[in-house]
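Just so we're clear, the structure is a prediction, and the values are computed from it rather than from any experiment.
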Amino acid sequence: LEFRRVLFRSREIGNYILEQTIYKNSFSKTKIGKHKILKEKVLIKIINIKDNIYTSKIKQNIEIIRHLHHKNILQLYEIIETTNKLYIITHYCDITLSKYIINQKNNFNQSDICKLFQQIINCIEYLYLSNIYYYNIKLENIFLDDNNRIKIDFFSDILNINNISDNNNLYNIIKNCGLFLYEMLGGKMSFNENDININNINNILYPENVSKDAINLVENMIHINNKKNFGFNDIKSHSWFNLIEPKMRPGIIYNTNKIPVDENILDKIEQMGYDKKSCKKSIFEDKYDSLMAIDLLVLNKYINIFILIL
């Protein structure tokens, strides 16, 4: 796995200014950053790779993630490697789904929940079709952007990604999504055995305002008998899932779909002094270097402007 190697200057890395640290653990930390040219805010995850027993696994999983392209996955912009560290630059989001649920409380109706859950299922099914199993996904790893679009963050828990090996993984994925929905309907960050018992779904407790349709969907997703569990098509055809019209968009499957490029965005980048042909090459090869980062950041900026106009 080859990443761009750059010299590190105090409080800067590549085209980014490093700002405050917002999260830290034993082998990594996450900082807010800003692109020096575009002035766009980003998240920068810094992973210590020197004397790290997980370095090989981390690089292997980054190789998996770099080929994922879906609107509900936290956008990767650039990967930079120094002698001792990996810098993973992504789209900036500052609110997790769990925090959003708590903040909304009584204002969080089932139509809102349905819209968010549709996006989660859309993304998780894409991962399944891409043969990827993210087995520790939780509400704290799911973010909302400024336009309330779901963004699933793999980089907060990068070790917990594997290729799908058997159907049991699918059943676990569906159960996990069912538990997400239960939490979203209950407006809770977590639950214990008194709230939910997967081994006896008749004992699950729901708030009084949750509809029978919603309860039915949850119960069919977390059934202890895997053979009775819903699959993705069952979920998508369920009446509660269709409370509002779903906008299910497929992502780009690696080695199957061609990565699209926006010629208008490339023209703008060329006007900034970058080579259009080199930029396009970086995109097609999933390089996640400084050129691809410029393209993705400019594209995101104009997408957000378009949404605001609408």
Counterpart residues, side chain to side chain donor-acceptor pair (under 3.5 Å), relative to S56 (two or more places apart): none
What I'd like to find out is whether the side chain of L116 reaches to under 4.5 Å of the side chain of L144, using heavy atoms alone. yes
By salt bridge (charged side-chain N to carboxylate O under 4.0 Å, His left out), which residues pair with K34, not counting sequence neighbours? none
So, using salt bridge (charged side-chain N to carboxylate O under 4.0 Å, His left out) as the criterion, who are the partners of K85 when residues are at least two apart? none
Show the atom names and distances, to 0.1 Å, of all donor-acceptor pairs under 3.5 Å that link a side chain in residues 259-269 to residues at least two apart or in another chain.
residue : atom : partner : partner atom : Å
D262    : OD1  : N264    : N            : 2.9
D262    : OD1  : I265    : N            : 3.2
E263    : OE1  : K276    : NZ           : 3.2
E263    : OE2  : K280    : NZ           : 2.9
D267    : OD1  : K276    : NZ           : 2.7

Side chain proximity check, I173 to E125, heavy atoms < 4.5 angstrom: no
So, does N147 use its side chain to make a donor-acceptor pair with the main chain of R149 at under 3.5 Å? no
Look at K287 together with E285 and state whether they make a salt bridge at an N to O cut-off of under 4.0 Å. yes
Is the backbone N or O of R66 less than 3.5 Å from a side-chain atom of Y288, with the two atoms forming a donor-acceptor pair by type? yes
Quick one: side chain to side chain donor-acceptor pair (under 3.5 Å) partners of S28, sequence neighbours excluded? N25, K45
Geometric class of the F232/Y128 ring pair [parallel <30°, tilted 30-60°, perpendicular >60°]: tilted
List in chain and number order the residues that pass side chain to side chain donor-acceptor pair (under 3.5 Å) with K41, two or more places apart in sequence or in another chain; answer none if no residue qualifies. none
Quick check: does any side chain N or O of Q119 sit under 3.5 Å from a backbone N or O of I150, one acting as donor and the other as acceptor? yes
